[in-house]
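Here is the structure we will look at, set down as structure tokens.
Scope of the values below: all heavy atoms of this structure, side chains included, with no hydrogens, waters or symmetry mates.
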Amino acid sequence: MKNDSLLDDIFFRRNGLDESRVKALVAGSLSSLDDGELYMEFCQSEHLAFDDGHLKNANFDTAQGFGLRGVLGEASAFAHSSDITEESIKRAGKTLSSLKSSGSYSINLDENKRPKLYGTLNPLDEVAFEKKLALLSNIDSYLRGKDPRVKQVSVSLSGEWQAIQIIRGNGVKIGDIRPLVRLNISVVVEHNDRMERGSYGTGGRTAYAEYIAEANWRKSADEALRQALVNLDSVPAPAGEMDVVLGPGWPGVLLHEAIGHGLEGDFNRKKTSAFSNLMGERVAAKGVTIYDDGTMQDRRGSINIDDEGTPSQKNCLIEDGILVGYIQDRLNARLMNAKPTGNGRRESYEHQPMPRMTNTYMVSGDKSPEEIIKSVKKGIYAVNFGGGQVDITSGKFVFSASEAYKIENGKVGAAVKGATLIGNGPDVLTKVKMIGNDMALDPGIGTCGKDRQSVPVGVGQPTMLIGGLTVGGTEV
């Protein structure tokens with residue numbers, strides 16, 4: 001296969017490695033252990049930031065290295081190096097010798113069953129630097145010329161091309177090539193001594209072409225400006241317990257943070273999740289079905305294989321309100337007598353894998369968005385979110401709405417500023433009253449942090465009505 005030959009060029013021929021000897025080193029290091037792998041990575045990345053009419057910075061980076069992990073029971077030994085040589089791999093293998101034998105565990109990886117979810121074109125080589133710079137400058141000029149209230153424009157363009165190769169103790173070799181791009185636009189507007197901000201971003205596992213097309217970047221710029229102008233006319237948000245309607249798409253980040261992390265295998269194995277010991281029980285209102293799906297074409301959170309070599313999957317977590325699955329890597333799946341779900345992910349070769357989400361979303365219901373809003377006498381319509389905090393053990397969360405509106409007598413009213421949603425994940429799921437028929441995914445901007453590791457993810461949901469959620473506001 002073409003990709004396999006390219007990966008062999010990157011990891012074996014370029015570094016002067018003999019594949020059979022490397023496989024023998026890995027097999028010897030892992031022979032008496034439960035699990036483990038050699039993970040090799042080559043990554044090129046760039047980031048261009050344009051601020052107030054000038055190129056603020058332009059960074060380009062190339063990194064490569066390997067991580068060798070051995071697992072025994074709950075314990076693991078791990079060594080990594082930026083020097084991909086047989087001698088370095090041999091030295092790393094010696095760090096695993098402190099783990100003593102306790103049986104074996106293996107997974108059959110079928111190369112032919114891997115999906116092909118994205119292309120392999122390197123976005124960094126696709127477009128000349130001058131064209132990228134012109135794109136950022138054009139966005140800046142376009143926004144400043146569109147509305148005199150625009151006072152500041154910040155635009156960034158990021159690209160990454162990552163190649164990985166995984167070798168298991170049984171000699172199985174499996175790899176992937178992952179492109180990733182992102183365009184972000186932020187606008188500050190001012191009127192009558194009041195300043196407000198709006199932002200919008202797009203991205204995915206593709207090359208740059210889709211995002212630098214004029215029609216598409218104009219659409220993104222228009223959306224950032226629209227949000228800023230909406231906030232310019234906003235009024236203080238009300239406070240208290242009230243009905244909350246969440247918009248489709250990016251508001252699914254609330255599900256990701258408040259619920260998704262609580263369904264990761266490590267937290268449930270250690271009994272530190274609010275969802276521990278609830279498998280097979282009702283944890284949400286009827287109609288609530290949530291998937292974590294790493295097999296979606298070109299999506300930011302998609303992966304052909306995870307970072308342990310397990311093929312990506314579409315995993316149902318909650319079905320019609322019943323908890324039916326957790327998100328698993330190999331280690332936690334083995335200890336919980338379950339199957340890996342293709343969610344063993346790591347930030348880079350310097351990190352060990354752990355169970356992480358890919359694209360997490362709630363499926364559509366049968367109500368129209370208009371019907372949902374019309375049912376609310378008094379509440380908040382939250383369309384976009386900013387930052388948030390979650391406690392995995394209790395499920396408690398606080399989220400800030402970056403774009404929200406009052407709902408009064410079934411109609412969307414004034415935009416509000418300073419609205420925060422307060423609650424806990426398991427409780428929120430039981431308060432879902434109506435689910436829209438308009439499920440949408442976020443535009444490709446999600447990044448998930450866990451244990452000081454960051455990975456790209458996606459979120460999504462339809463319009464959804466939650467009854468009796470606490471809203472923190474600034475209205476006097």
statement: On a heavy-atom basis, the closest approach of Val181 and Ala207 is CG2-O, 3.8 Å
query: Do the side chain of Glu257 and the main chain of Val390 share a donor and acceptor less than 3.5 angstrom apart?
result: no
query: Quick check: are there more than 12 heavy atoms from other residues, nucleotides or ligands sitting under 6.0 Å from NZ of Lys431?
result: yes
message: Can you tell me how the ring of Tyr405 sits relative to the ring of Tyr381, calling it parallel under 30°, perpendicular over 60° and tilted otherwise?
response: tilted
query: Any sub-3.5 Å donor-acceptor pair from Arg300's side-chain atoms to Gly446's backbone N or O?
result: yes
- prompt: Within 45° of the six-membered ring axis of Tyr208 and under 6.0 Å from that ring's centre, is NZ or CZ of Lys132 located there?
  reply: no
query: Is it the case that Tyr142 and Asp222 place a side-chain donor and acceptor less than 3.5 Å from each other?
result: yes
query: Has the side chain of Asp140 got a donor or acceptor atom that lies under 3.5 Å from a matching backbone atom of Leu136?
result: no
- request: Decide whether Glu41 and Gln64 meet the rule of one side-chain donor and one side-chain acceptor closer than 3.5 Å.
  value: no
message: How close do Gly395 and Ala274 get, counting heavy atoms only, and between which atoms?
response: N-CB, 4.3 Å
- prompt: Can Gln44 and Asn122 be counted as having a side-chain donor-acceptor contact under 3.5 angstrom?
  reply: yes
- prompt: Does some side-chain heavy atom of Thr289 sit less than 4.5 Å from a side-chain heavy atom of Cys316?
  reply: yes
message: Show, in sequence, the C-alpha distance, side-chain angles and deciding distance for Tyr39 and Tyr349, and conclude whether the ring-ring contact (aromatic ring centres under 6.0 Å, His included) test is met.
response: CA-CA 6 Å; Tyr39 175 93; Tyr349 70 88; 8.0 Å; no
query: Short question: side chain of Gln453, backbone of Gln352 - any donor-acceptor pair under 3.5 Å?
result: yes
query: Backbone N or O of Gly201 within a donor-acceptor pair of the Asn184 side chain at under 3.5 Å?
result: no
message: If I compare all heavy atoms of Ile327 with all of Gly260, which pair ends up nearest, and what's the gap?
response: CD1-O, 4.2 Å
- prompt: Does the ring center of His351 lie less than 6.0 Å from the ring center of His80?
  reply: no
field: Donor-acceptor under 3.5 Å (Thr474 side chain, Gly418 main chain)
entry: no
- prompt: Can you find a side-chain donor-acceptor pair between Ser402 and Asn384 that sits under 3.5 Å?
  reply: no
